[in-house]
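To start, the structure under review is shown below, and the notes come after it.
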Amino acid sequence: AEPGQAGGAPAPGGYVIDTTENTFQAMVQTSATFPILLLLWVPTDDRLFDMARQLGDAVNQLNGQIQLSRIDIASNSSIAQAFQVQGAPALINGRPMPILQGLPSAEEMQQIVDTVIPNLVAAAQQAGVTGSAPYSGDPNSDAANSASAAGAQEQVPPEHQEAYMLAQQGDYAGAAAAYEKVLEA
């Protein structure tokens with residue numbers, strides 16, 4: 001986890017992606033295929049976690065009819081300047097539509113989830129934007145990741161065991177040396 005994310009920010013996954021300046025252009029182009037709800041946020045600002053979680057849940061329930069693209073405006077300032085907003089505009093066919101500015105109240109959030117997002121999907125369909133967003137795995141895969149790490153332990157070949165154990169303990173120099181021994185062998 002990145003610093004500041006400890007208890008933190010909801011992870012991407014499902015139909016929720018994180019977009020950077022490098023992937024922004026591609027993301028805008030895909031808004032011609034399916035509508036995209038943008039979240040311009042700072043993933044270390046815990047006041048935004050609920051909003052991010054609720055938008056992510058709402059989008060994931062629509063099974064790909066819309067994608068949530070989260071943009072860290074602190075790290076991607078040129079995108080923030082392009083939109084000149086904080087909040088959640090939507091993109092359909094590359095055209096931004098303002099949805100909410102700043103932090104919504106609980107009632108506004110409910111309205112966005114119940115009405116605005118489904119309306120966006122409908123507006124996109126009327127504009128001929130009817131494709132499905134790609135699914136990018138289970139957002140709650142931390143459990144899956146730690147399970148696979150536990151599983152990996154059993155599959156470590158015996159000669160790699162020492163290096164693996166050292167790496168687990170954070171002794172990367174020792175692990176590197178142990179792996180070098182394995183490679184020489």
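Small disclaimer: the values here were computed from a predicted structure and weren't measured. Just so you know, residue 1 is the first one in the sequence shown, and it goes up from there.
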Let me confirm one number: the [atom1]-[atom2] distance from [X] to [Y], rounded to the nearest 0.5 Å.
X      : Y      : atom1 : atom2 : answer
Ser75  : Glu21  : OG    : CD    : 8.5 Å
Thr20  : Ile79  : OG1   : CD1   : 6.5 Å
Gln29  : Thr23  : CD    : OG1   : 11.5 Å
Asp114 : Gln110 : CG    : CD    : 4.5 Å
Ile66  : Ser132 : CD1   : OG    : 12.0 Å
Leu120 : Thr115 : CG    : OG1   : 11.0 Å

Donor on one side chain, acceptor on other, Gln125 and Thr130, under 3.5 Å: no
Looking only at heavy atoms, which two atoms of [X] and [Y] are closest? And how far apart?
X      : Y      : result
Ala9   : Trp41  : CB-CH2, 3.9 Å
Pro35  : Ile92  : CB-CG1, 4.0 Å
Pro134 : Gln67  : CD-NE2, 4.0 Å
Phe24  : Thr19  : CA-CG2, 3.6 Å
Pro104 : Ile112 : CB-CD1, 4.4 Å
Ala52  : Pro10  : CB-CG, 3.7 Å

Check against side chain to side chain contact (heavy atoms under 4.5 Å, CB included), Met51 and Leu48: CA-CA 5 Å; Met51 174 166 78; Leu48 304 175; 4.1 Å; yes
Backbone N or O of [Y] within a donor-acceptor pair of the [X] side chain at under 3.5 Å?
X      : Y      : result
Glu108 : Ser105 : yes
Ser31  : Val28  : yes
Gln65  : Ala133 : no

Could you check whether any side-chain heavy atom of [X] comes within less than 4.5 Å of a side-chain heavy atom of [Y], counting everything from C-beta outward?
X     : Y     : answer
Met27 : Ile36 : yes
Pro12 : Ile17 : no
Asp18 : Asp72 : no

side-chain hydrogen bond (donor to acceptor under 3.5 Å, both in side chains) partners of Asp50, counting only residues at least two apart: Arg53
Pairing residues for Ala32 by the side-chain contact (heavy atoms from CB on, under 4.5 Å) criterion, not counting sequence neighbours: Asn93
Matching residue for Leu55 among Leu38, Leu37, Val16 - test: side-chain contact (heavy atoms from CB on, under 4.5 Å): Leu37
